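Beneath this line is the structure, given in C-alpha cells, with notes to follow.
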There are 2 protein chains.
Amino acid sequence: MKGSTLKDVAREADVSVASASRVMNGIGTVTEDVRARVLEAAERLRYVPHWGARSLVTSRTNTVGLLLPDIYGEFFSEIIRGVDIAARARDLHLLVSGSHGDLAEAAAVIESMSGRVDGLLVMSPVASAGDLPVTVPLVTIGGRPDGSERCAIGVDNFAGACTAVRHLAANGCRRLAHISGPAENLDAQERFRGFAATASEVDPGAELRVREGDFTEEGGHRAMAALLDRADRPDGVFVANDMMAAGAILAIKEAGLAVPEDVAVIGFDDIPLARFTSPPLSTLRVGVCELGKQALEMLVSAIEAGDASEVEGIVISPQLVVRESSKRGTNTN
Amino acid sequence: MKGSTLKDVAREADVSVASASRVMNGIGTVTEDVRARVLEAAERLRYVPHWGARSLVTSRTNTVGLLLPDIYGEFFSEIIRGVDIAARARDLHLLVSGSHGDLAEAAAVIESMSGRVDGLLVMSPVASAGDLPVTVPLVTIGGRPDGSERCAIGVDNFAGACTAVRHLAANGCRRLAHISGPAENLDAQERFRGFAATASEVDPGAELRVREGDFTEEGGHRAMAALLDRADRPDGVFVANDMMAAGAILAIKEAGLAVPEDVAVIGFDDIPLARFTSPPLSTLRVGVCELGKQALEMLVSAIEAGDASEVEGIVISPQLVVRESSKRGTNTN
DNA sequence: TTGTAAGCGTTATCAT
DNA sequence: ATGATAACGCTTACAA
C-alpha cells in the first residue's frame, strides 16, 4: 500500500531521478526511449507524485482554501459550486471548511490552512478582513468592498434593499415592514440601511416596522408572526433573505391571511427554493454561483500579483425578480 | 510576504530547530523559558508550519478528499456539510471536488488528489469502486455496498422504493407509475427494481408505467407530463428523487389535476425543499448529513487500519415521511 | 533538557 | 541528452 517514489521509478526504468522527473513533468528534453521506459515503470508501480515534496521545492501548493460560516442551505452550496468550477478550470484544488460561528474559530482555521494553500477565499459576514491573521493572499466574499484593506468581492446590499422597498411601494403597499438578518452581520446591516432609507423616503415620518431574524426559515416565521401581531399590521414585507421569506410566507398563511393580497413579500438572494414557495417568491437575484467563480478569479489575480491589494474590488448589483408573492396589480414596476 | 520557517524562529529564539519543533508540537520536554521564547518568536514572525515539509517526513497529510459527481442541489451540499463537520471534529482538512460526469474524469481527479490526501471519499453513482485507480484507502458513498471490493456506505434504495410503493397502494392508488433516475445510475437502478417488484406484487400482471428522468426538476416535469398523456393515466407516482418530484407536482397542477386527489406523489431523499412544495411532498428520508458523517468515520477507520477492506460496509434504511402529497385518507399507513 | 544530523521525495542547477 | 547533487522545511533518532 505504501506508494512508490520517483526514485523507484527511476531505478526500474534504469535512468536517473532527474530524467524521471523530466519525463513526469514534460520539462526539458528526453529521448523517446527514455520517456517510454519511465512512463511504463511509473504506470506499473502505480507511481503518484508526492505533492508535499513537490510543494516544498516549488513553494506552490496549487490549492486554494474556501472558508464559509456554514455549509447549510443553497446559498453556500452555490458558492462552493462556483468556486469549484472555476478552480477546476485552472487546475487548482479546493480546501473547504464550514462552520465558523465566531471570529476566533475562523482565525484558527485560517492559521491551520495557511501553510497548505496559495490563497484564501473567506466569507465571514461578522468580521472585516483586517482582523484576520494571514500570510497568504486573501479575498473576502460579501464583506464590505469599500473601506476594507483586503481585496474583496461583494453584493450591493444597500441598492438591492432600496429596489425591494420601492417595488413594494409601487405595488401599493403602504405599511412597510422589514425582517432583518442578525445585527452583527454586515450584509444584514446594509440591507437594513437600505430598507430604512427607502421606507422613510417613500413614506416620510412613518415609524419603522422591523423585526430581527437569524437568516433561518424558523427565524423568519417567528419574526413574521410578531409583525402580524402589531396593531398596524404591515401590508408589505421586505425579508433580508429567501430562507426567512419562506418561513414568513408560512406564518402569514397560518394567520389566515393571503399573499400577496393581504401582505406582499419579497426576499433576497434568489436561491432555487424561491420558485417553489407558494406563491412563488419575488426576490433580488444574486448570481451566487457566478459570485463564487469571480471570487476565485480575483484570488488567482491576487496570487499572481503576490499581493491582494493590487487587485480591484468588485461589487455585484442584485437584480429584481418579480414572482407572485408581491404582485398586486395596483401598479406595474 | 514570504513566510518564515522554523529555522528563522529558532534563530530568533536562540535555540536549535529541534527545540523549536518540540515546542510547536508540544512533544518532548522543554524548559518553560525556551518554550516562551520560541512561542514569542513564532508569533512575532507570523510563523506558519509548511504542511508539505511536515507531511514529507510524517507521511501523513491530515487531509481527506471528497469526490462528488456534482455540487448542485441540496443533496450534495448536505453531504459536504456532514463530511465537513465530522472532519473538523477530527482535525482533518477537506479537499472537495465536484463535476465528474464520467469515469475518466473521476479517475483523473482521483489521481491528482491521491498524493495529497490520506484517504478518499467517492460518490460516483456510475462506477463501481473496483474500476478506480487508487493508492489510498477509499470509501464509496452510495454505490452498492454488497459485492463491491472496496469499503462502502450506502442507502437501501430497494427497500425504500418498496416502502414508497406500498404506501401509495395503501392510500388507494391503483394505477401506479414511476419516474426513474438515469438508467446508468446505480441508485436509480435499485429504486426502479424496488418499484417493479412491489408494483407487480401489489397488482400482479399490471403493465409497468415507467418514464426515465435525470434527477433534475425539469426532467421530472417532462416525465410527468408524458405519463399524464397516457390513456391509463396513473393515480399514484413514485418519483426517484425529490427534485424530480417537485417538477412532477408542477406538471400535474399545470395539467389541471390535483395532488393528491387525482395523482398522489411520493419522492426520495427528503431534501429541505420537500417541505416547501405545495402540497408538501411525502418522501423517503435519507439522513444525508448523517450519511456524510458516517462515511467520514468509516474512512478514518480504513485509514487507521491501513486497508479499506478491513472495515465493514454500512447500509442505511430510509424512513417514510408522510406529508400532504400522498394522503388520500382511503387508508392509513 | 538540548543540539546535531540524517533523511523524507521533489525540483533545479550544474557539469558532463 | 543525461546524471550527480544541492536545496526545500520539517521531524526524529541519537548524542551530549
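Worth knowing before you read on, the calculation uses all heavy atoms, side chains too, and leaves out hydrogens, waters and symmetry mates. Computed from a predicted model, the values in this text were never measured in an experiment. Residue numbers start from 1 in every chain, and the chains themselves are labelled A, B, ... in the order their sequence lines are given, proteins ahead of strands.
Remark: C1' of dG9(C) and CZ of R60(B) are 19 Å apart, rounded to the nearest angstrom. Separating the CZ atom of R35(B) from the C1' atom of dT1(C) is a distance of 13 Å, rounded to the nearest angstrom. Rounded to a whole Å, the CG atom of L6(A) is 14 Å from the P atom of dA4(D). The CH2-P distance, from W51(B) to dG9(D), rounds to 15 Å in whole Å. Across the protein-nucleic acid pair, L56(A) atom CG and dT10(C) atom P stand 12 Å apart, rounded to whole Å. When the C1' atom of dT11(D) is taken as reference, atom NZ of K7(B) falls 15 Å away, rounded to whole Å. Rounded to an integer number of Å, the gap from H50(B) NE2 to dT11(D) P is 12 Å. Put simply, CG on N25(A) is 10 Å from P on dT10(C), counting in whole angstrom units.
Ion pairing between R81(A) and D84(A) fails under the 4.0 Å rule for side-chain N and carboxylate O. Ion pair E40(A)/R37(A) not flagged as a salt bridge, since none of the NZ, NE, NH1 or NH2 atoms sits closer than 4.0 Å to an Asp/Glu carboxylate oxygen.
Between the side chain of S4(A) and the main chain of L45(A), a donor-acceptor pair closer than 3.5 Å is present. No donor-acceptor pair closer than 3.5 Å links the side chain of N25(A) to the backbone N or O of I27(A). Distance alone, capped at 3.5 Å, is enough to place a donor-acceptor pair between the D118(A) side chain and the N62(A) backbone.
Bending across the helix from dT1(C)-dA16(D) to dT16(C)-dA1(D), expressed as the angle between its end axes from five pairs apiece, amounts to 40° (10° rounding).
Where V34(A) and A53(B) each meet DNA chain D at their nearest nucleotide, the meeting point lying more 5' is that of V34(A).
Taking only side-chain nitrogens and oxygens, S59(B) never comes nearer than 4.0 Å to OP1 or OP2 of dC8(C). OP1 or OP2 of dG3(C) has at least one side-chain nitrogen or oxygen of S16(B) nearer than 4.0 Å. Using a 4.0 Å cut-off, some side-chain N or O of S19(A) falls inside it from OP1 or OP2 of dG3(D).
Counting any heavy atom pair closer than 4.0 Å across all strands shown, T29(B) reaches a base atom.
R54(A) forms a cation-pi arrangement with W51(A), by the criterion of a distance under 6.0 Å to the ring centre and an angle within 45° of the ring axis.
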